[in-house]
S.K.: 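Please read through the structure below; I'll follow up with questions.
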Amino acid sequence: MVPAEVPDAEAEPDGLEDRLRRFVTIWSRAIFPATATSLTRPEFEQHLLPLARSLRDALHDRIFDATPAHGVGAALVGAHCTDPDALARSLGVVDAYLVLYCGEAADPAGELAADELRARCARLQATFAAGFAQALRERTLAEQEAIARSALAARGAAEDALHATEARFRAVFEGAAIGIGIADLDGRVLEVNDTLTRMFGGLEHHVRSRNVSEWVHPDDAPQVWGMYKELIRGERDNFRTEKPFFRNDGTVLWTNLTVSLLRDVDGVPQYQLALLEDTTERRLLTLRLRYEATHDALTGLPNRTLFFERLEKALAPARETPKDAAKGAAKDGAKDEANSGTKEAGPASAPRPAARFGLCYLDLDGFKAINDSLGHSAGDRMLVEVADRLQSCATAPGEMVARLGGDEFVALTTGPDTQREVGELAARILGALATPISLDGREFTVRGSIGIVEGKAGESTAAEVLRSADITMYRAKSAGGNRFEHADAEADARAITRHGLTTSLPTALERGEFFIEYQPLVHLADGTVHGAEALVRWSHPTHGVLGPDRFIPLAEHTGLIVPLGRWVLEQSVLQARAWQEELAAGTFAGPVRINVNLSPAQLHHPGLVADTVEVLERIGLPPGSLCLEVTESALIGADEDLLKPLRQLAEMGVDIALDDFGTGYSNLANLRRLPVSVLKLDRSFTQGMQQHPADPVDLKIVEGIVSLAHGLELGVTVEGVETGAQAEHLRRLGCDTAQGWYYARPGPPEMLHTLSMADAV
């Protein structure tokens with residue numbers, strides 16, 4: 001029993017020797033009432049002090065040896081502590097306080113973990129009990145011999161003493177809280193206590209009548225029986241291991257087993273003592289916690305953790321051990337020898353097919369709408385139904401289904417023929433999802449997009465496979481969903497590049513990686529430079545110079561388009577102001593206007609007008625020198641809230657140009673309500689004018705658009721002019737300005753000096 005008194009943690013002494021003495025005080029208080037010694041309490045504590053020091057030293061020995069605890073148990077018997085409670089109380093004190101008070105001494109450098117200290121403590125307890133039991137038994141035998149020598153003189157007294165000694169031994173043996181068994185060196189079980197009998201099902205004769213060698217279990221650690229044989233031969237004194245046993249009813253008993261060798265006075269092995277602690281419930285709890293850690297709580301499917309374990313195992317290249325190789329070589333040699341006497345040798349054994357894997361990455365289409373409309377409870381019920389259907393699709397050997405999280409699931413198949421099987425698995429999944437699911441009296445059809453990755457084991461890591469499957473799944477989703485796509489290395493590379501550009505966009509502006517090129521706008525009537533369009537470029541440290549088509553969509557998606565657009569506006573206005581100053585000084589003949597593109601995301605930003613006004617006023621550029629270009633598609637169906645900022649800018653004098661006109665299928669009548677002053681005609685309408693003769697249909701279309709625009713007092717700019725014939729046709733049709741490679745490609749602002757001065761001459 002552990003003493004009721006618990007030491008005050010705040011009053012613990014700091015010195016190691018003082019902590020040891022405190023441990024001895026607790027020990028003496030626990031067992032002194034159960035001793036038959038003539039010593040006083042302080043004298044008894046002094047007797048226990050070297051025993052406690054021996055336990056402490058054994059606890060912190062670099063090479064652990066529990067043998068000193070055997071002597072401590074024997075010394076306790078030698079001090080007349082033979083009462084049944086003495087052993088139980090001593091074991092309780094060692095279990096509760098040895099590590100607490102001597103742990104710091106056992107490991108001053110912090111090299112031993114707490115679990116190792118507890119394990120050592122348990123070994124010391126077992127050896128302590130073995131020493132106590134052996135000493136008590138030897139004491140009993142010694143007392144029996146003494147009684148036998150004095151039998152003629154005092155037979156009655158000897159019988160009483162023998163009975164008392166055996167009673168004390170039996171009380172200790174039977175009263176222990178752990179299972180105790182004694183067997184001879186041949187393994188025949190001689191004695192078992194009630195605790196051990198209950199652990200094995202309560203039938204003593206089924207335990208006592210058996211041999212230790214019969215308790216083999218398939219889950220035994222490989223070294224268990226080797227250590228047992230060493231103990232029987234006297235080569236070791238004890239060993240400790242975790243071992244399962246079959247009970248009589250077929251169930252499994254898991255134990256912490258400690259087996260000690262009992263020797264006679266001459267050191268010759270005589271018996272083996274087994275101490276068994278029942279750990280079945282603790283093991284079941286561990287298994288349950290393992291299950292909960294590796295399975296999804298909602299659907300019961302394996303979760304991301306378990307899936308990655310299986311996937312990494314499936315991706316691991318098959319490795320043939322030297323032993324397997326030797327077996328294979330011996331088998332092939334035997335076949336060759338057997339076939340040597342025949343007329344024609346049989347075919348050589350075919351090599352093992354390479355291990356392959358197939359992965360389906362599933363994401364439900366439109367699942368967010370279910371959660372938003374019916375609530376998360378209905379969404380959870382749908383996920384459970386989807387999980388059940390997926391499980392019914394992956395029942396073959398080597399197949400498994402897992403939930404990664406949210407509405408994302410994965411299905412894995414392994415084997416030599418996954419090239420065919422993974423496609424069939426994906427088709428089964430889509431087929432299983434096609435049946436409507438009933439929720440709250442309504443039926444919903446579930447759709448899903450699947451990305452498939454298939455290949456040989458050992459060629460990719462789990463993270464690479466899952467990334468490729470994720471990319472492929474989004475490719476299937478962008479193609480309309482409810483379908484599966486196979487991974488494509490080039491598509492993966494493009495997606496990875498896009499992701500890399502997206503992640504590096506925020507810091508690119510801070511590092512000054514963006515720059516602006518300018519393309520001149522030319523008057524078609526006289527060929528003079530009218531202005532220039534600002535075109536942003538990204539000087540990427542890895543991919544080189546990137547055009548706006550590579551990064552503007554990414555900037556809009558991430559929200560960086562607003563600070564980037566403001567930077568482009570500021571730099572462009574600064575350049576236009578510099579041109580105006582040069583024009584005033586006579587060193588520059590134009591342009592004096594600058595065109596800057598606005599993305600749809602910028603149109604919705606509440607600070608568009610304020611930012612534009614602040615830049616113009618701070619730099620000192622008149623509003624009439626700025627033209628903001630907006631794509632026609634951005635204004636299709638635009639309401640007054642969207643048009644209001646553009647109207648405010650137009651009222652200030654800023655020109656608004658409708659870019660890519662003719663590609664958005666807009667109603668021409670809407671031009672009257674749009675605050676635009678310039679139409680930029682898309683190049684698709686003028687490509688037919690690059691050849692001779694010009695396409696008459698294109699001529700008629702452009703002539704009609706120019707007439708309409710001029711009727712609405714709008715200027716017309718044409719982009720994509722590449723030939724002189726094309727420029728001449730546009731001039732005759734009445735177009736106002738043009739830009740394109742025929743005049744100049746986009747370049748640095750210095751390039752426009754050359755063009756403008758040539759026009760001036």
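The first residue of the sequence shown is numbered 1, and numbering continues consecutively from there. We use all heavy atoms of the structure for the numbers below, so side chains are in, but hydrogens, waters and symmetry mates are not.
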S.K.: Between the side chain of D698 and the main-chain N/O of T686, is any donor-acceptor distance below 3.5 Å?
M.R.: no
S.K.: Can we say D655 and R593 salt-bridge, meaning some charged N sits less than 4.0 Å from an Asp/Glu carboxylate O?
M.R.: yes
S.K.: If the condition is side-chain hydrogen bond (donor to acceptor under 3.5 Å, both in side chains), which residues does R537 pass it with, not counting sequence neighbours?
M.R.: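 By the side-chain hydrogen bond (donor to acceptor under 3.5 Å, both in side chains) rule, R537 matches E517.
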S.K.: What I want to find out is whether R647 reaches E651 closely enough, with some N-O distance under 4.0 Å, to be called a salt bridge.
M.R.: no
S.K.: I'd like to know if the side chain of T558 reaches the main chain of L554, judged simply by a donor and an acceptor atom lying under 3.5 Å from each other, with no hydrogens or angles considered.
M.R.: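 It does hold such a pair.
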S.K.: Is there a side-chain contact between F307 and V410 (heavy atoms, below 4.5 Å)?
M.R.: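 Touching, per the 4.5 Å side-chain cut-off.
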S.K.: Roughly how far apart are K477 NZ and T472 OG1, rounded to 0.5 Å?
M.R.: 13.5 Å
S.K.: Within the side chain of D365, is there an N or O that forms a donor-acceptor pair under 3.5 Å with the backbone of G481?
M.R.: no
S.K.: With a sphere of 6.0 Å drawn around CZ of R618, does it hold more than 12 non-hydrogen atoms of other residues, nucleotides or ligands?
M.R.: yes
S.K.: What I want to find out is whether K680 reaches D660 closely enough, with some N-O distance under 4.0 Å, to be called a salt bridge.
M.R.: no
S.K.: Does the plane of the ring in H540 sit parallel, tilted or perpendicular to the ring in H543? Use 30° and 60° as the thresholds.
M.R.: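 Aromatic pair H540/H543 classed tilted.
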S.K.: How about Q580 and S625: do any of their side-chain heavy atoms sit closer than 4.5 Å?
M.R.: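 Sidechains of S625 and Q580: in contact.
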S.K.: May I ask you to decide if A578's main-chain N or O and E581's side chain share a donor-acceptor pair within less than 3.5 Å?
M.R.: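 No; zero donor-acceptor contacts below 3.5 Å.
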S.K.: Looking at every non-hydrogen atom in both residues, tell me the closest pair between F685 and F661 and how far apart they are.
M.R.: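 So the two residues come closest at CE1-O, 3.5 Å.
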S.K.: Within the structure provided, determine whether Y743 and Q739 are in side-chain contact (heavy-atom separation under 4.5 Å).
M.R.: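 In short, these two side chains do not touch, never coming nearer than 4.5 Å.
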S.K.: Testing the basics here: between A709 and V716, what is the closest heavy-atom pair and its distance to 0.1 Å?
M.R.: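 Answer, listing the atom of A709 first, then V716: CB-CG2, 3.5 Å.
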S.K.: Considering only heavy atoms from C-beta outward, does the side chain of V453 approach that of F357 to under 4.5 Å?
M.R.: yes
S.K.: Can a donor-acceptor pair be found, under 3.5 Å and without considering hydrogens, that links the side chain of R403 to the backbone of G406?
M.R.: yes
S.K.: Grab the two heavy atoms, one from L430 and one from G448, that are nearest each other, plus how far apart they are.
M.R.: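 So the minimum-distance heavy-atom pair works out to CD2-O, 3.6 Å.
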S.K.: Mark yes when over 12 heavy atoms from residues, nucleotides or ligands other than E443 sit less than 6.0 Å from its CD; otherwise mark no.
M.R.: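 Correct, the count exceeds 12.
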S.K.: Does the salt bridge (charged side-chain N to carboxylate O under 4.0 Å, His left out) test come out yes or no for E485 and R475, once each step is laid out?
M.R.: CA-CA 7 Å; E485 294 282 350; R475 185 152 49 86; 3.8 Å; yes
S.K.: Nearest 0.5 angstrom please: L621 CG to L574 CG, how far?
M.R.: 9.5 Å
S.K.: Check the pair Y361, L466 against side chain to side chain contact (heavy atoms under 4.5 Å, CB included), reporting the backbone distance first and the verdict last.
M.R.: CA-CA 8 Å; Y361 193 114; L466 204 64; 3.8 Å; yes
S.K.: With a 3.5 Å distance limit and no angle check, can you tell me whether T418 reaches the backbone of T414 through a side-chain donor-acceptor pair?
M.R.: no
S.K.: Can you find a heavy atom in the side chain of V446 that is under 4.5 Å from one in the side chain of L364?
M.R.: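 Yes, their side chains come closer than 4.5 Å.
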S.K.: How are the rings of W567 and F514 set to each other: parallel, tilted or perpendicular (split at 30° and 60°)?
M.R.: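 The arrangement is tilted - the two ring planes meet at 30° to 60°.
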S.K.: Side-chain contact test, heavy atoms from C-beta onward, threshold under 4.5 Å: evaluate it for L569 versus R566 and give yes or no.
M.R.: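 Heavy-atom side-chain distance check fails, nothing below 4.5 Å.
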S.K.: Ignoring hydrogens and geometry, is there a side-chain-to-backbone donor-acceptor pair from Q726 to E722 under 3.5 Å?
M.R.: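 Checking the backbone N and O of E722 against the side chain of Q726, a donor-acceptor pair under 3.5 Å is found.
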S.K.: Would you check if the side chain of H605 reaches a backbone N or O of G607 as a donor-acceptor pair within less than 3.5 Å?
M.R.: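 Yes; judged by distance alone, with no hydrogens or angles, the pair exists.
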S.K.: Under 4.0 Å between a Lys/Arg side-chain N and an Asp/Glu carboxylate O for K644 and E640?
M.R.: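 No.
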S.K.: For V465, is there any backbone N or O sitting under 3.5 Å from a side-chain donor or acceptor partner on S468?
M.R.: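 Here the side-chain-to-backbone pair does not exist.
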S.K.: Quick one: are L524 and T737 in side-chain contact, heavy atoms under 4.5 Å?
M.R.: no
S.K.: Do F515 and V545 have side chains that approach each other closer than 4.5 Å (heavy atoms only, starting at C-beta)?
M.R.: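 F515 vs V545: side chains touch.
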S.K.: Ion pair present between R467 and E464, side-chain N to carboxylate O less than 4.0 angstrom?
M.R.: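 No, this pair does not count.
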